[in-house]
There are 2 protein chains.
Amino acid sequence: MARRRVTIRDVAADAGVSVTTVSNVLNDVPGSRLTPQTQGRVRESAARLGYAPSVLAQSMRTRRSGMIGLIGDQVATTPFGGKMILGAQDVAKAHASLLLVVTSGFQREIEDAEVDQLMRRQVDGILHVSMFHREAGIPKRLVAEPIVLVNAFSTDDSVTWVVPDEVTGGRDAAQILLAAGHRRLGFINNEDDIPASRGRLEGFAQRAAGSGLAAADIAVTSADASSDGGYRAARALLGRPKPPTGLFCFNDRMAMGAYRAAAELGLRIPQDVSVVGFDDQEYVSEALHPRLTTIALPHYEMGAWGAERLFERIEALEGTGPAPVHLRLRCPVIHRDSVAPPADDA
Amino acid sequence: MARRRVTIRDVAADAGVSVTTVSNVLNDVPGSRLTPQTQGRVRESAARLGYAPSVLAQSMRTRRSGMIGLIGDQVATTPFGGKMILGAQDVAKAHASLLLVVTSGFQREIEDAEVDQLMRRQVDGILHVSMFHREAGIPKRLVAEPIVLVNAFSTDDSVTWVVPDEVTGGRDAAQILLAAGHRRLGFINNEDDIPASRGRLEGFAQRAAGSGLAAADIAVTSADASSDGGYRAARALLGRPKPPTGLFCFNDRMAMGAYRAAAELGLRIPQDVSVVGFDDQEYVSEALHPRLTTIALPHYEMGAWGAERLFERIEALEGTGPAPVHLRLRCPVIHRDSVAPPADDA
DNA sequence: ATGAAAGCGCTAACAC
DNA sequence: GTGTTAGCGCTTTCAT
C-alpha cells in the first residue's frame, strides 16, 4: 500500500487554509467557529482529492488506536468462536473500532507473546474469549488494563465477564420434557467435570426433583461428549426395563448418537422418545431428522455484550470506569420437532 | 491502555546513550558497529524498564503497519472460514504481522466501507476470502494494491488467487468407489450452478466415463444442498430397480440425508451402499455412523498459501512483485468407514 | 475565525 | 562507535 497518500497538508494547500482548519472542520471540533464558506471549501477539497486521514497518525496523537484485541484460545477455528467474534465485531464497528484477532492455542507462553503484540500495538482494550465455558486467569500484565472475559469467568472479582447460564439451560431442558407430559426423564451428561456439565446437571436435577417425580424415574448417566458417547449411553439408558421417555443430552452431538441408538432399538422420535439437545450446533440440530429441539448457547450475544462492556471501560477514559459486572446469559430454547407427549402406555 | 508507556527515550537516558543507539541495538541494524558493552547496557536497560517499542510509531516511520487486512463475506462465522483465518494467521505470525479481520456480508457497499477502513489503517496488503468457492470481483480501489483472493477466483488475470481443485476432487470420489469395485455409481449433486457443483460433476463424470461403465450405470441427480435434499435424492436414487451401489454426495450434509434414506430402505452402509461425501465437515463426517469417507476442502492451506503469496508481493516492495499466480489446490481424500466393496449379488 | 508550532514515539540520514 | 536531527501525518494548545 505504498502509493503516495493524500495528506492533510495537501488538502490544506488545495483549500488555501491551514492544516489546523482542515483538522477542525473534518472533525467538527466543538469550540471552533468556522465560516460555512471555509467549511465548504475544505470539505470539497478533501472529497475531490480523495483524502482519508491516516488512522496511524491520529492514533499517535490521540493515544487511541481504535482497535480492540481479541485473544482466543482457539476461537477462530471453532463454529461457535466465529459467532462470538461476529458479536464483538458488530459492536466494535458501532464504536468505529476494528478487531485485532490473535490465537493462543491454550499455551500460556504463546498467550503472553500475543498479548504483548496487542499491547505494543496500543489496542484500546482486550477481549479474552474462550472456546468453551471455563475459568480463566488473566495474564498478569493485563490487570489494570481494560479487559473482559467472554465465555469464561474468573474468581477475581475485579474483572468483568460473561458466560452462558448453564443452570437455567438445564432447568429449561427438564421443563420442556415435563411440560410435554413426560414422567420418566433421562439425562446423558458429559463425563468431563466442567462448568457446563455441572451447571446443566444442577438445573436439570433441580427442576426434575421439583416436579414430584420419584428418584427412580430420573436417570442420569454420563459419557464422552461425542456422537459415539451419546450413542452408547442412550443405548444403555433406553434398553432398561422402564426407560425414560424424555431424554436430555448434554449436547447436540450426543443427541445425534442418541438418535442412532433409538433407531436401532426400534424407537421412533418423538413418538416413543423425546430428545432435547444443547448448543444448537449449526448443521447438526437442523440436519437431524426429526429436527432437534435444543437449547442454544448465546455466543453472538456474549461477544457483543462483552465488547459493549469493554467500550464502556475504555470510554470512561482515565476516570474510574464502571464497577466490574458478571453476567450469566440466558440460553434460548429452540423448539423443533424432537419432543412430543409420551405414548399413552409409557 | 492509557498508563504512561516506557519510550525509547527512557531507555536511552537510563543506558546513558542516544535514542539512535538504542534503536540500532534493538533492531540490530546491519551497518552499525556497537561495542558489546553498549549493546549489553542498552538491552539490560530495555529489559529492566520493560520497554516495548510502539508499533504505531514504527509504522509511521517505516510505512509498514505490520498488519494485513482480511476481508470476508461472512467468513468469521462459518466453520470453514475459521480454518482459512487460522492458516492466514499462522503465516502472518511468521512474518511478524497481525490480521485485521472485517466482514462485508456480501454487500458491496459495506465491503467498500470496510476496505476503506483497512486502507486508512495502512494495512500492508489484503486477503479477500470467500465463504464458498466463487468468482469475485475486487473493489476498484484495490487494483494495484497487494491483494490475493482466497477461495475465489477472478477473470482478471492480474490478480493472484487460490481455490480448491473441485474437478480432481470429483474424480477422486469416483475413483474411490471404482477402486472398491463398484460398477453402478450415483452422484447426488447440488442443484445450484456454482463452481463446486460444476467442478465436482465434471471430475466425477470424467472418471466414471473413463472406467468403461455403461451410461445407464452412472446416475446423476441433484437437489438442495442440505440434509433433506440429500435424503430425498438418495431415496429416489436408491429406490430404483437397479440402484447404484456406490454413492457420491455433493457434501457431507447431503450424505447425512443419504444415510437416513439408506436406513429407511433397509440398506446398510457400507455393506449395501457405499457413500462418499465432500467437505470433511467437522462434527458431521466424524459423527456419522459409520464414519464418512469424504474429500476435504483445503481451507487452512488456502488461507496459508494466500497469505504467503501476499507477503511475497508486499516484500517485493516498490519493485515489480512476482507475476500473479492462480492455484487450484488438491482436496485430500479422507478414508473412513463408509466405503466397502459391493455385495456379490449387486 | 484562523494559523504556527509543538509533539506523539520512532527510524534513518548524516555528522562527528 | 555514537549522537543530532528531521520528519512520518496528525491533533491541540495558544497566539493573533
Side-chain angles (χ1 to χ4, degrees), chain A residues 1-43 45-46 49-66 96 119-122 124 317, chain B residues 1-43 45-46 49-66 96 119-122 124 317:
Chain A
M1 309 269 159
R3 208 189 52 238
R4 164 129 177 56
R5 300 175 55 96
V6 179
T7 80
I8 196 173
R9 281 188 138 76
D10 301 324
V11 179
D14 186 272
V17 297
S18 76
V19 294
T20 309
T21 303
V22 176
S23 176
N24 284 341
V25 353
L26 263 28
N27 302 328
D28 28 41
V29 178
S32 61
R33 307 133 311 175
L34 302 310
T35 58
Q37 296 89 301
T38 316
Q39 299 216 27
R41 239 173 338 125
V42 170
R43 290 191 199 288
S45 293
L49 266 34
Y51 171 65
S54 157
V55 181
L56 245 49
Q58 283 180 158
S59 307
M60 192 123 185
R61 279 286 337 204
T62 61
R63 338 217 53 184
R64 282 272 309 255
S65 64
M119 301 284 290
R120 290 184 42 188
R121 286 170 192 272
Q122 256 116 191
D124 300 324
L317 45 149
Chain B
M1 310 269 158
R3 210 190 52 239
R4 163 125 179 60
R5 299 177 56 97
V6 179
T7 81
I8 196 172
R9 280 188 139 77
D10 301 324
V11 179
D14 185 273
V17 297
S18 75
V19 294
T20 309
T21 303
V22 176
S23 176
N24 285 339
V25 171
L26 265 27
N27 301 327
D28 29 41
V29 178
S32 62
R33 307 134 311 177
L34 301 310
T35 58
Q37 294 90 299
T38 316
Q39 298 217 26
R41 235 165 349 117
V42 170
R43 290 190 200 286
S45 292
L49 266 34
Y51 171 66
S54 157
V55 180
L56 244 50
Q58 283 180 157
S59 306
M60 192 120 186
R61 277 290 338 204
T62 60
R63 337 219 52 187
R64 282 273 307 256
S65 64
M119 302 284 289
R120 290 185 41 190
R121 285 168 193 273
Q122 256 115 209
D124 300 324
L317 46 149

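Within every chain, numbering begins at 1; the chains are lettered A, B, ... in the order of the sequence lines, protein sequences first and strands thereafter.
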| A:Ser18: partners by side-chain hydrogen bond (donor to acceptor under 3.5 Å, both in side chains), with sequence neighbours left out | A:Thr21

| Could you give the CD-to-P distance, from B:Gln58 to C:dC8, as a whole number of Å? | 17 Å

| query | Hey, is the side chain of A:Arg63 poking within less than 4.0 Å of OP1 or OP2 on C:dG9, counting only N and O atoms? | reply | yes

| Would you say A:Arg43 and A:Leu26 make side-chain contact, with heavy atoms under 4.5 Å? | yes

| Rounded distance (Å) that lies between atom C1' of D:dC10 and atom CZ of A:Arg64 | 16 Å

| remark: Atom CD1 of B:Ile8 and atom C1' of C:dT11 are separated, to the nearest Å, by 8 Å

| remark: In whole angstroms, the gap separating P of D:dT11 from CG of A:Leu26 amounts to 8 Å

| task | Round to the nearest Å and state the distance from B:Met60 atom CE to D:dA6 atom P. | result | 17 Å

| Is any side-chain nitrogen or oxygen of A:Ser23 closer than 4.0 Å to OP1 or OP2 of D:dC10? | no

| field | Over all atoms of both residues, closest heavy-atom pair of A:Asp10 and A:Leu49 | value | O-CD2, 3.8 Å

| message | Between C1' on D:dC10 and CG on A:Leu56, what's the gap in Å once rounded to a whole number? | response | 11 Å

| Options C:dG9, D:dT11, C:dT11, nucleotide nearest the side-chain atoms of B:Thr7 | C:dG9

| Atom CZ of B:Arg120 and atom P of D:dG9: how far apart are they, to the nearest Å? | 15 Å

| task | Indicate for each nucleotide in nucleotides 1-7 of chain C, in 5' to 3' sequence, whether protein heavy atoms under 4.0 Å reach the base (B), only the sugar-phosphate (S), or nothing (-). | result | BSBBBBB

Acceptor/donor pairs from residues 51-58 of chain A side chains to any protein atom, 3.5 angstrom cut, sequence neighbours excluded:
| unit_1 | atom_1 | unit_2 | atom_2 | d |
| --- | --- | --- | --- | --- |
| A:Ser54 | OG | A:Leu56 | N | 3.3 |
| A:Ser54 | OG | A:Ala57 | N | 3.1 |
| A:Ser54 | OG | B:Gln122 | NE2 | 3.2 |

| task | Find the distance B:Gln37:CD to D:dG1:P and express it as a whole number of Å. | result | 11 Å

| query | Hey, does the side chain of A:Asp14 reach the backbone of A:Ser45 with a donor-acceptor pair shorter than 3.5 angstrom? | reply | no

| Okay, side chain of A:Asp124, backbone of A:Gly66: is any donor-acceptor separation there less than 3.5 Å? | yes

| said: Quiz question: by atom type and distance under 3.5 Å, do the side chains of B:Ser23 and B:Thr20 form a donor-acceptor pair? | reply: no

